[in-house]
Structure formats: C-alpha cells, structure tokens
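Atoms considered below: every heavy atom in the structure, side chains included; atoms not considered: hydrogens, waters and symmetry mates.
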Amino acid sequence: MTSNYYFVIIGQTDNPLFEIEFTSSSKELKKDDHSHLSQFITHAALDLIDEHEWKTTNMFLKVVDKFNQWFVSAFVTATHIRFIIVHDGKNDDGIRNFFNEIYEIYIKYSMNPFYKFNTPIKSVGFEKKAQYYGRKYLIP
C-alpha cells in the first residue's frame, strides 16, 4: 500500500513557511495534481484547526478534518505557527513523533538571529532534517 503525506508549516498570517511531500510509492504519477489538491485541503482546514486549538491544551490536535480519503492532522505551536499533514492513512504515533521532531528543529531554526520570524524557511539543512524525519516516522 502506498502512503502519501504532505507536510506544511503555516505562519501566523496564514502564509506557507515550508512544505514537503513524502510518498512510499516509487511512481510519481500526477504529482502536480496531488500537490494542488493537498494545498487546497490544507487551506480549507485552517479554520477548523483554529477552532480545535482553543478546545484543548495539547499542541498535537490529531485529525481535525477529512476530505474524501484524505485526513488532516495538525500541531499548533505556542506562537500560533501551524504544522499540518495531509495524509491518506492512519499513523497517529508516527505523525506525533514527526511533529515533535520538526518542532524541535523549527525552534532551533527560529532562534537563529538571521531568521526573520514568520518568513519562508529556505534552509537546506532544515529540509534535509525534515526529509530524514519523514522517512523515519511517516514512510514505513
């Protein structure tokens, strides 16, 4: 079975800061269509994430929305930066671990004095670590 994951970090003003896709399939069929659908699903789920974040004290919100076979899991930081994964299978523990690792490297990255808060992340090191944690926790 193939698993698809689309991860995005959304800033305080609903601006995308970072995005990456993970797939366990060796085929890259209609990747562009899948990317646009994932962006659409993510954008549609932002209001639900904002609702859910006030109902719990947890940063990991689990699955907050579903669109056809796609699930939307979210993690909200203390500074209202949203980590969102659009996925097509259940993997709550892997997603939680992935969010925790990404949150740790995001904190380290945002503490860099040369990084302007709430701007796109353009770091090769950040992307490599995100790919590593995606392979470790999301792709079996």
Side-chain angles (χ1 to χ4, degrees):
M1 180 179 168
T2 63
S3 298
N4 296 300
Y5 295 89
Y6 170 75
F7 170 69
V8 64
I9 299 175
I10 302 291
Q12 291 177 327
T13 56
D14 295 343
N15 55 320
L17 304 180
F18 179 79
E19 66 181 339
I20 191 168
E21 286 190 61
F22 305 103
T23 182
S24 64
S25 165
S26 60
K27 298 177 183 176
E28 295 293 328
L29 297 175
K30 297 185 181 178
K31 185 176 181 179
D32 194 39
D33 291 341
H34 175 59
S35 176
H36 285 95
L37 178 63
S38 298
Q39 291 171 355
F40 172 75
I41 294 168
T42 301
H43 183 74
L46 286 175
D47 290 334
L48 291 171
I49 293 168
D50 290 343
E51 264 182 43
H52 279 84
E53 77 176 296
W54 297 110
K55 294 179 182 177
T56 183
T57 58
N58 296 330
M59 296 173 91
F60 178 55
L61 303 179
K62 298 185 181 176
V63 175
V64 295
D65 196 12
K66 184 177 188 305
F67 177 79
N68 293 339
Q69 80 272 18
W70 300 99
F71 298 97
V72 179
S73 296
F75 181 97
V76 181
T77 69
T79 57
H80 196 64
I81 301 295
R82 276 97 22 119
F83 297 172
I84 302 170
I85 291 184
V86 177
H87 54 100
D88 59 356
K90 292 284 187 178
N91 183 8
D92 285 342
D93 291 334
I95 291 172
R96 176 185 291 113
N97 292 333
F98 176 77
F99 279 148
N100 287 331
E101 296 286 356
I102 290 293
Y103 183 47
E104 186 175 327
I105 63 171
Y106 175 75
I107 289 171
K108 290 176 183 176
Y109 185 78
S110 64
M111 289 173 51
N112 182 338
F114 297 109
Y115 173 69
K116 184 178 176 197
F117 185 72
N118 208 33
T119 59
I121 298 171
K122 296 179 180 174
S123 168
V124 175
F126 188 92
E127 185 171 348
K128 284 183 180 179
K129 285 195 175 196
Q131 288 173 347
Y132 170 74
Y133 291 130
R135 286 190 309 269
K136 182 175 179 181
Y137 295 113
L138 302 178
I139 303 300

Transitive ILVMFWY cluster of Val63 at side-chain heavy atoms under 4.5 Å: who else is in it?
->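 Reading the cluster by chain and number, Val63 sits alongside Phe71.
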If you link I, L, V, M, F, W and Y whenever their side-chain heavy atoms are under 4.5 Å apart, who else ends up in the same group as Val124?
->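 ILVMFWY cluster around Val124 holds nothing else.
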In this structure, are over 12 heavy atoms from other groups packed under 6.0 Å from Tyr115 atom OH?
->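 Check passes, neighbour count above 12.
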Counting N and O atoms only, with roles assigned by atom type, does the side chain of Lys66 sit under 3.5 Å from a partner on the main chain of Asn68, one being a donor and the other an acceptor?
->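 Yes, Lys66 side chain to Asn68 backbone: donor-acceptor pair under 3.5 Å.
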Phe126 side chain reached by Ile9 side chain, heavy atoms, under 4.5 Å |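 Yes, their side chains come closer than 4.5 Å.
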Only pairs at least two apart or in different chains count here, so list each salt bridge (charged side-chain N to carboxylate O under 4.0 Å, His left out) that has a residue in residues 42-60.
->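 Every salt bridge (charged side-chain N to carboxylate O under 4.0 Å, His left out) pair that includes a residue of residues 42-60, provided the two are not neighbours, is Asp50-Arg82.
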Between Phe98 and Phe22, does the ring centroid distance fall short of 6.0 Å?
->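 Yes, the ring centres sit under 6.0 Å apart.
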Ring centres under 6.0 angstrom apart (Tyr106, Phe18) =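 Not close enough - the centres of the two rings lie 6.0 Å or further apart.
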All side chain to side chain donor-acceptor pair (under 3.5 Å) counterparts of His87, not counting sequence neighbours |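 Testing His87 for side chain to side chain donor-acceptor pair (under 3.5 Å), a comparison that skips the adjacent residues, returns Ser73.
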How would you list, by chain and number, every residue that makes a side chain to side chain contact (heavy atoms under 4.5 Å, CB included) with Thr79, sequence neighbours excluded?
->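 Thr79 satisfies side chain to side chain contact (heavy atoms under 4.5 Å, CB included) with Gln12, Thr77, Ile81, Phe117 once adjacent residues are dropped.
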Listed once per pair and sorted, the ring-ring contact (aromatic ring centres under 6.0 Å, His included) pairs that draw on residues 40-68, sequence neighbours left out =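 Qualifying pairs, neighbours excluded: Phe60-Phe99.
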Shortest non-hydrogen contact between Asn15 and Asn118, atoms and distance |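 Closest pair (atom of Asn15, atom of Asn118, distance): ND2-O, 3.2 Å.
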